[in-house]
Amino acid sequence: MLRTRLCENQQETNHNNKSATYKGMSNQLPPQTRISVAYDSDRNSIYALRHEVYAEELHQHPTKHNRMLSDSLDAFNEYIVAKIDGRLVGFVSITPPGFGRYSIDKYLARENVGLSFDEGLYEMRILTVARPHRGARLAAALMYAAGRRAEERGGTRLVAMGRIEVLSIYLKHGFKPLGHRIKAGAVTFELLSASIQQLRATVERRHSFYQKLEKELEWGLPFPFSKPACCFHGGAFFDAIGADFETLERRDSIVNADVLDAWFPPSPTALNTLREHLPWLMRTSPPTQCEGLRRAIARHRGVSEENILPGAGSSDLIYLAFRQWLNRNSRVLVLDPMYGEYVHILEKVIGCQVDRMVLPRRDSYVVDLEELRARAAFGYDLIVLVNPNNPTGQHIAGHKLKAVLSCVPGSTRVWVDEAYIEYVGPNESLERFAAASENTIVCKTMSKVYALSGMRVAYLCASLPQLSDLVPVTPPWAVSLPAQVAAVKALGDSAYYQDRYRETRKLRQQLMEGLRGIGIHEIVPGQANFVMFHLAPDQPSAATVLSEARRRGVFLRDVSPMGCEVGLRALRLTVKDEEANKRILATLESVLSVRSSQLTN
């Protein structure tokens, strides 16, 4: 239920304002205003402000002796909060699908609402701004954030109940009345709804407003509307740790299984070298063109130095190469599902024509090599493959993939992302094949398999003609000196990493057995350091499980947006150490059992 108490004029804005700092700021947000997902520790402040507004001020609810107001939906609702200098000044709650209950169910029968109560429907409710700050567009910021959060979770539509005195606010933001008015205590509400597309259209139409709103705020949420859309990745766990790095000790209380970082530490040789020389490494400029790193990679991969082009992570190289090679007239073939950054840059940044080779869920997303061979003959400018694929973990054997790529027309570049190939086996990489090929480029990150995600080291391996037009546009000092040193030392410690890869395979198998043990049976067979699975129809949606697990300090990845056949019940989790895996399984079991109990009752 969307319940807002906003001022209609400047006199109300400044009435009872307890902070002289913000007096008269009806058109400007206060300094140090941050919008972010709420922590569990914020709940008491939220419930206190709810009581102040909806019991004491609006008289929608009776007052309580403890001056706290909450309801049964808070068991699975998520809050987005606005804080000024760390102090709560506003919030909005989002009710996800999957639990069978929304606030509007208390007032209207679903068949009379005129909406589809599917797994794309999110309810935005209890939009609240503290009295001293009601003229500073915080309500707009929170409404904006709720739409972004719902879209991020795979939502397609928002439903809300807005107080009739401030109905214009919702209409301005893209909401449309559904023809129902509801009385709750002393307050009358209008039932409203907006699709994600309608919210985006409103942002485009009111671009200057949202652009200004964004600049005035510190955002703790990914990709706000008014920015050019960015590809969403994992990393929501930094909401719990704090992206300002002031409370890094919180990392010990969470499990960051929403990103594919290695569970094991980097090579001891690399760590010891960094510890010994870190002050000098931090203050010293690195080799301009990563000469030593290139030599080390070439030596360990059995190729020439001219076949190697380093970069600051695979995304750095993707953006460098694709924008150099492609334009709006280019045609590109990608797998579906697949790592989302590729489609983002191809469609949203460059504007290419993108064709998808859809991998059927019924076949566990295995790549049909005969279909790939046939599609490759269509004369694309670029074909993008991830092997093993992300999010599925499915791997195409190296000898089979070489046979297909040997038939691709020479005018078609083939980009093979091998971020996880070492987890499969030491002889599966196509790097030597690419070095001798006219049109194949292998992209290798050292993040996932060498436990160097924070260092940002990657490279392309290809023939000199493929790399020659990228070298002039590669900036000097592309990889930091600590990262170059760590990468070189890691490459020289293959025995250590081979042991870790064998352990990872065992941990992955144990994790899959554990998932089956708690009632998760549709598990995609894969060969990387992660597991993708589908929840059953009688289990909650991926978005619901993700939200509930997050409240318990376990962060998983909803992969629903990564493919058209994936559906809304697909999750991916990273293989962690034995203790963290047990916590992941216990959390999932708890979430699923709570849901089962709710259905029974």
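One is the number of the first residue; the rest follow in order along the sequence.
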(message) Do R572 and N390 pair up side chain to side chain, a donor and an acceptor below 3.5 Å, judged on atom types alone?
(response) yes
(message) Which residues pass the ring pair (Phe, Tyr, Trp, His ring centres under 6.0 Å) test with F533, not counting sequence neighbours?
(response) none
(message) Could you check whether any side-chain heavy atom of W263 comes within less than 4.5 Å of a side-chain heavy atom of N581, counting everything from C-beta outward?
(response) no
(request) Report yes or no: does R569 contribute a side-chain atom to a donor-acceptor pair with the main-chain N or O of P540 at less than 3.5 Å? (result) yes
(request) Pick out which of Y496, Y423, Y420 makes a ring-ring contact (aromatic ring centres under 6.0 Å, His included) with Y501. (result) Y423
(message) With a 4.0 Å cut-off on N to O distance, would you call E589 and R552 a salt bridge?
(response) no
(request) Indicate the atoms forming the closest heavy-atom contact of R508 with P525, along with that distance. (result) NH2-C, 4.3 Å
(request) Could you tell me whether the side chains of R413 and Q466 share a donor-acceptor contact shorter than 3.5 Å? (result) yes
(request) Taking all heavy atoms of V575 and all of V531, pick out the closest pair and write down the distance. (result) CG2-CG2, 4.4 Å
(message) Closer than 4.0 angstrom, basic N to acidic O: yes or no for R148 and E151?
(response) yes
(message) If you count heavy atoms of other groups shown closer than 6.0 angstrom to CD of E579, is the number above 12?
(response) no
(request) Return the orientation label for the Y342 and F322 ring planes: parallel under 30°, perpendicular over 60°, tilted otherwise. (result) tilted
(request) State whether the number of non-hydrogen atoms from other residues, nucleotides or ligands found under 6.0 Å of Q498 atom CD is greater than 12. (result) yes
(request) Would you name the heavy atoms of A528 and P388 that are closest together and state the gap between them? (result) CB-CB, 4.5 Å
(request) Compare all side-chain heavy atoms of S36 with those of V81 and state whether any distance is below 4.5 angstrom. (result) yes
(request) Report, as yes or no, whether the 6.0 Å neighbourhood of atom CZ on R502 holds more than 12 heavy atoms from other residues, nucleotides or ligands. (result) yes
Pair up each side-chain donor or acceptor in residues 266-280 with any protein partner under 3.5 Å, not counting sequence neighbours, and list the distances.
residue : atom : partner : partner atom : Å
S267    : OG   : T269    : N            : 3.1
S267    : OG   : A270    : N            : 3.3
S267    : OG   : D493    : OD2          : 2.7
N272    : OD1  : R275    : NH1          : 3.1
N272    : ND2  : P268    : O            : 3.1
T273    : OG1  : T269    : O            : 2.8
W280    : NE1  : T284    : OG1          : 3.3

(message) Testing the basics here: between H395 and A397, what is the closest heavy-atom pair and its distance to 0.1 Å?
(response) CE1-CA, 3.5 Å
(request) For residues R301 and E431, report the shortest heavy-atom separation together with the two atoms involved. (result) CG-OE2, 3.2 Å
(message) Show the nearest heavy-atom pair for residues S437 and S463, with the distance to one decimal.
(response) O-OG, 3.1 Å
